[in-house]
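A quick write-up on the structure given underneath.
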Amino acid sequence: MLTRRTLLLAAGAMTAAGAAAAPVRRPAAAPLGPMAEPAPGRTVALDLVAAERPRSLPCFGGRTLPLWTFSETDVLPVVRMRLGDRLRTRLVNALPRAGEHTSIHWHGIRLPNAEDGVPYLTQPPTAVGASHTYDFEPPDTGSFFFHTHCNTAEQLGRGLAGLLIVEGDETEPYDGEVVLAMRDWRIGEDGGFLPFLTDRGASGAGSFGTVRSVNGAPFAAATVPALADVRLRLYNIDASRVVTVGIEGAEAAVVAVDGVAVAPFPLAAWTLGPAMRVDVVVRTPAAGGRAVVHDLRPAKPVVLATLSAEGPAVRAGAFDPAPLRRARIPEPDLGAAERLPFAVSTTATGAAVGASLGDGPALPGIDDLCLSDRTFWAINKAAWPADGHRSLPPPLAVLRRGATYVIELANTTRHIHPIHMHGHTVKVLSSNERPLPVHHADTVLLYPKERVEVAFVADNPGDWMIHCHLIEHQETGMMGYVRVA
Ligand code: C2O
Ligand code: CU
């Protein structure tokens, strides 16, 4: 069917062909496509049943592990929808352990607070045998994911996660797409799971897996069209590992960070902390050639994926990847911004545990599953739970709806912390330690002793978590929330 959209796409393709004949770079003034506008869409019905399902993934080396997954068919379900579609999810908790309640947080999605999936803060936890429905229309395109938000070290460690891709951001269709989801598995000598949260890991750099994986295999091997512009969606969904992505054997450009379009810039190396994503376009090699995606962080680079090119050449001319569409995220008004200093720090072990009950609202249903008995970390000196086990701490800050805020994230520790904010996407302004391209993010990596400034418009009412996404840090104190009222 010929629609306005196909016409626009055809026009886009012609522009690309023209540009290929005369190697003129895109004018710097138009580094992004026009804003993506949602077209009235359909409702995508998603049924997720959290349950134990023994599985043998290629990365397990012949072993079968008692995974916890959302789907009978896929260890990591991939949900695709278009901007304008609604997602209606029915979650059933069929986990095999009494008291193992759960929830789903839709990471990076600027959704209504009640759909955010944080037990006790935005919804009651979903008990074993119970169900819960999430219903929202994602307002943005991009590479997102979802995971549980309670006892996350174990629930995510055993597998409970999925990818959520909202399409509609391409100005000209790329010639192919490869999704790469990286994570570790903590498997012991006896072939069972190792403890997911350890004092050593939680108080340090995290408990790393013993087995790495990409899409469930030791590395991903994809076949791609030759001399084509192929989109890679790279996800770090590990609980602890920081990955530095580099590509050998192909030109590559970053086109989105955490799902949000950036003016394309050449990829040298891009670092993804836990929960961070990057979209990259590569110009694949000629037929028979191979490009390799590496993790450059270890002393000896680790292969994450091989892209083997075959078939007739798709493109000619210089590599000049089409930009994605501009995101619909409101522009912060920096002149009128209020500043919020948020310092992440270590705390005296156990200091906040067992302290007397505070003045927060009583939460009679809250239980140990959402509360660690260890406290190693804090934000602005407040560890989660700040004042005892049965009450919700006060918000770190109360924000005026519609106002711009600049958060000064300061890392006073020796460790790396990927700091994630719910319900909003922030504009990363600057670091005191490294040059950063202007980009948006929902998770911001803080290096030891680093300070990063981010800005956002507090346009989404409700209580929104802000926490470290190194899950053992999150679960041992480095978590709080802001209230937008
Ligand atoms: Cu992806 Cu509160 O987390
Ligand atoms: Cu951390």
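Every number for a ligand or one of its atoms is a count from 1 in the order of the listing. Values in this document were obtained by computation on a predicted structure and should not be read as measured data.
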Checklist entry - Are Arg110 and Asp442 close enough for a salt bridge, meaning some N to O gap below 4.0 Å? => result no
Checklist outcome for this item: Closest to atom 2 (Cu) of ligand 1, among the N/O/S atoms of His467, is atom NE2
Checklist entry - With side chains defined as the heavy atoms from C-beta onward, is the minimum distance between Arg183 and Leu76 less than 4.5 Å? => result no
Checklist outcome for this item: Any protein N, O or S atom under 2.8 Å from atom 1 (Cu) of ligand 1? Found His107 ND1, His147 NE2, His469 NE2
Next on the checklist: Just to verify, what does Glu37 make a side chain to side chain contact (heavy atoms under 4.5 Å, CB included) with, not counting sequence neighbours?
Outcome noted: Met35, Arg328
Next on the checklist: Checking side-chain hydrogen bond (donor to acceptor under 3.5 Å, both in side chains) between His422 and each of Asp463, Asp116, Thr122, which is the one that passes?
Outcome noted: Asp116
Checklist entry - Sub-3.5 Å donor-acceptor pair from the side chain of His105 to the main-chain atoms of Gly117, do we have one? => result no
Next on the checklist: Tell me how many protein N, O or S atoms are within a distance shorter than 2.8 Å of the Cu ion (ligand 2).
Outcome noted: 3
Item to check | Worked check of side chain to side chain donor-acceptor pair (under 3.5 Å) between Thr73 and Ser71 | outcome: CA-CA 5 Å; Thr73 47; Ser71 150; 3.1 Å; yes
Checklist entry - Should Leu324 and Leu32 count as side-chain neighbours, where that means a heavy-atom distance under 4.5 Å? => result no
Next on the checklist: Could you work out, with side chain to side chain contact (heavy atoms under 4.5 Å, CB included) as the rule, every residue matching Ala114, not counting sequence neighbours?
Outcome noted: none
Item to check | Over 12 foreign heavy atoms within 6.0 Å of CZ, Arg401 | outcome: no
